[in-house]
Each structure stands twice: as structure tokens, then as C-alpha cells.
Engineer: 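This is the structure, below, for whatever I ask next.
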Amino acid sequence: MAIVYLNGDFLPADQAMISPLDRGFIFGDGVYEVIPVYNGHLFRIHEHLRRLDDSLAGVRIPPPYDHQRWRAMLHELVKRNQGQNQSLYIQITRGVAQRDHAFPESINPTVFAMSSELKPLPQTIREAGISAITTEDIRWQCCHLKTIALLPNILLRQQALDQGAAEAILLRNGEATEGAASNLFIVREGKLITPPKGPRLLPGITRDLIVELGNRHGLPVLEAPITAAELAHADEIWLTSSTKEIMPVTQLDGQMVGNGRPGPLWQQMIRLYQDYKAHYTEDGQPGTATAG
Ligand code: PLP
């Protein structure tokens with residue numbers, strides 16, 4: 001039985017109890033983070049905790065812990081669940097109160113964390129890539145906050161699955177912004193392009209690392225809008241996230257992307273990414289921001 005963390009205690013998942021009056025359950029009033037663990041190291045932990053702070057501030061939930069306490073708790077969770085590679089999920093809700101839209105006075109946030117096995121990207125995806133569809137973004141206007149209310153993302157992902165694709169790439173005002181649970185990159189005439197950060201997309205930790213690696217290794221990345229037409233004619237399309245890393249999209253809306261195989265820039269970037277992972281320690285690397 002997996003061990004989870006709930007409000008100060010580590011316990012088997014089936015013994016963790018949350019009130020039905022928790023505002024996470026009633027309203028979807030909370031935020032979350034997903035942090036990969038490689039060889040026991042919390043990958044890009046400083047960046048994940050900074051984004052968690054931003055999400056909490058964005059929905060006005062007081063931060064329950066400082067970074068040192070988060071890290072200590074997460075390391076303990078990793079230890080109790082064993083396994084070198086794990087995916088950690090943290091969720092914080094505004095807490096338990098009688099149902100009322102207004103923020104309740106003096107309640108404690110609910111803090112929950114769990115771990116699951118982090119599996120490497122299947123070989124079939126590395127060799128053949130994935131299919132994606134494009135569809136209109138039906139989400140709200142604060143997509144930069146990592147909130148638990150994911151119903152639109154769920155519907156969008158399911159729409160892709162129902163059409164035999166793995167992910168939905170979202171369009172707003174004729175521009176492609178990100179996937180239902182991933183960030184977007186395209187390659188066009190040898191240039192790597194990703195949409196600029198802003199309220200229309202999540203500031204992905206993987207996205208930022210790719211920008212950083214690209215700049216460091218002479219593959220500069222342009223942060224610029226991507227129109228639906230540019231997406232349709234891209235030489236390569238990638239979708240990125242902490243658990244799936246960098247997925248090459250080889251079919252878009254039933255049409256081949258490039259020559260229908262993962263492209264050369266993807267091959268280069270996935271090598272850089274795996275190399276970065278292999279050398280990563282939580283205390284940082286040369287050229288890596290480590291401020292907590
Ligand atoms: N965009 C959305 C909507 C997501 O849900 C996710 C991750 O789940 C991402 C982008 C990728 O973010 P990260 O690289 O931090 O996992």
C-alpha cells in the first residue's frame with residue numbers, strides 16, 4: 001500500500017480521510033504540483049516550489065509550509081514509498097468549512113501529497129511519436145495557475161482520446177497555446193519556437209528547462225506566438241511535461257508532421273535532456289538557478 005501524506009501525517013493511502021466539506025471537493029478550490037524524482041533527487045525542486053508559491057498567491061491561499069519544510073516532507077515521502085524514480089503529487093486546498101463561496105475565516109489549508117511510479121516514455125513513442133488534435137481552448141483566463149479544477153482539461157484530453165489521438169493542442173484566437181496537460185514547441189526552418197508565458201498557458205518547468213538547454217547548447221529558442229497555420233506546417237511538434245518529458249508529435253489532425261517520424265531536433269534535445277537528468281543534483285549545476 002502506497003504511503004501518502006496528509007496534514008502532518010504519513011499513512012497508508014486507504015487510511016487517509018478528508019472531509020466532504022473540504023473546499024477542494026466542494027468547489028475545486030485548491031492548487032497542485034507534480035514533481036518528478038530521478039535517482040532519489042527531487043528534479044528542479046526549486047522551480048516547482050516557486051511555481052507552487054505563485055499558484056497559492058494567485059488563488060490567495062496562505063502558503064502552509066516554507067521550502068525547507070516542503071523538501072523535508074517530500075524526501076520522507078520518497079523514502080517511505082521506495083523506488084528511485086517517482087512522480088510526486090502535492091495538493092493544497094483552502095480547507096474545510098461550511099459551503100459558502102466567500103473565503104472562510106481562520107481555517108487551515110488541507111495539505112496532501114502522494115507518490116506514484118514514474119515510468120520512462122515507452123519505446124514506441126520514442127520511435128513513432130504520438131498523434132494530436134487541435135481544438136478550441138475552453139478553459140478560463142488564469143491558465144498560468146496550476147489549480148485543481150481540471151474539468152476543461154479532462155474534457156479536452158478525452159476529446160483527443162475519443163478521436164484516437166494522445167493529446168489536444170489548444171487554440172485561442174487562432175494561436176496555439178499549449179496542450180491539455182503539456183506545453184508546446186515547434187520547429188520551423190531550423191528554429192525552435194514556443195509560445196510566450198502569460199495567462200493563456202502554464203509556465204511549464206520542462207518548457208523552461210528546454211529553453212535553458214537550447215540556449216546553452218546553441219539551439220536558441222524563440223518565445224513567440226504560434227498561429228494555427230504555423231502549427232499545421234511545422235517541421236516538428238513537441239509536447240512537454242514533467243512526467244512525459246518531451247513527446248514528439250508525428251500526426252496532427254490526421255496529417256503527417258514533417259516526414260511522420262520524430263525529427264532531428266527532437267533527437268538532439270532528448271539527448272540533452274537525458275544528460276541533464278543524469279547529472280542533476282538538488283544542489284544545482286553550473287549555470288542552474290538554485291535559489292530557494
Ligand atoms: N500545461 C498544462 C496545462 C499542464 O497541465 C502541464 C503539466 O501537467 C504542463 C503544461 C507541463 O508543465 P510541467 O512541465 O511543469 O510538468
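For ligands, and for the atoms within them, numbers begin at 1 and follow the listed sequence. For this chain, numbers begin at 1 and follow the sequence in order.
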Engineer: What part of Ala180, side chain, backbone, both or neither, has a heavy atom within less than 4.0 angstrom of ligand 1?
Structural biologist: backbone
Engineer: Show me the donor-acceptor pairs within less than 3.5 Å that the side chains of residues 141-149 make with the rest of the protein, sequence neighbours left out.
Structural biologist:
from   : atom 1 : to    : atom 2 : distance (Å)
Lys146 : NZ     : Tyr32 : OH     : 3.3

Engineer: What pairs of donor and acceptor atoms, side-chain ones from residues 68-77 against any protein atom, are under 3.5 angstrom apart with sequence neighbours left out?
Structural biologist:
from  : atom 1 : to     : atom 2 : distance (Å)
Trp70 : NE1    : Tyr65  : O      : 3.4
Arg71 : NH2    : Glu282 : OE1    : 2.8
His75 : NE2    : Glu282 : OE1    : 3.0
His75 : NE2    : Glu282 : OE2    : 3.1
Glu76 : OE2    : Arg80  : NE     : 2.8
Glu76 : OE2    : Arg80  : NH2    : 3.4

Engineer: Just to confirm my output: which protein heavy-atom neighbour is closest to atom 5 (O) of ligand 1, and how far is it?
Structural biologist: Ala181 CA, 3.4 Å
Engineer: Taking both backbone and side-chain atoms of Thr206, is any N or O found less than 3.5 Å from an N or O belonging to ligand 1?
Structural biologist: yes
Engineer: Hey, is ligand 1 close enough to Ile205 that some N/O pair sits below 3.5 Å?
Structural biologist: yes
Engineer: Could you tell me whether Glu178 and ligand 1 have an N or O pair separated by under 3.5 Å?
Structural biologist: yes
Engineer: To the nearest 0.5 Å, what is the distance between CZ on Arg261 and CD on Glu127?
Structural biologist: 7.5 Å
Engineer: Salt bridge check, Glu33 against Arg51: does any charged N sit closer than 4.0 Å to a carboxylate O?
Structural biologist: yes
Engineer: Relative to the heavy atoms of Asn183, which atoms of ligand 1 are at a distance of less than 4.0 Å?
Structural biologist: 9 (C), 10 (C), 11 (C), 12 (O)
Engineer: Which atoms of ligand 1 are found less than 4.0 Å from any heavy atom of Ser242?
Structural biologist: 13 (P), 14 (O), 15 (O), 16 (O)
Engineer: Could you list which atoms of ligand 1 come closer than 4.0 Å to a heavy atom of Gly204?
Structural biologist: 12 (O), 13 (P), 14 (O), 15 (O)
Engineer: Roughly how far apart are Thr240 OG1 and Asn183 CG, rounded to 0.5 Å?
Structural biologist: 4.5 Å
Engineer: Under 4.0 Å from any heavy atom of Thr240, which atoms of ligand 1 are there?
Structural biologist: 11 (C)
Engineer: Take Phe43 and His48 through the test ring-ring contact (aromatic ring centres under 6.0 Å, His included) and record every step on the way to the result.
Structural biologist: CA-CA 9 Å; Phe43 192 60; His48 281 282; 8.0 Å; no
Engineer: Is there side-chain contact between Ile18 and Phe25, with at least one heavy-atom pair below 4.5 Å?
Structural biologist: no
Engineer: Using every non-hydrogen atom in the two residues, find where Val34 and Ser242 come nearest and quote the distance to one decimal.
Structural biologist: O-OG, 4.0 Å
Engineer: Decide whether the shortest distance between a heavy atom of Arg139 and an atom of ligand 1 is less than 4.0 Å.
Structural biologist: yes
Engineer: Give the atom numbers and elements of ligand 1 that come within less than 4.0 Å of a heavy atom of Lys146.
Structural biologist: 7 (C), 8 (O)
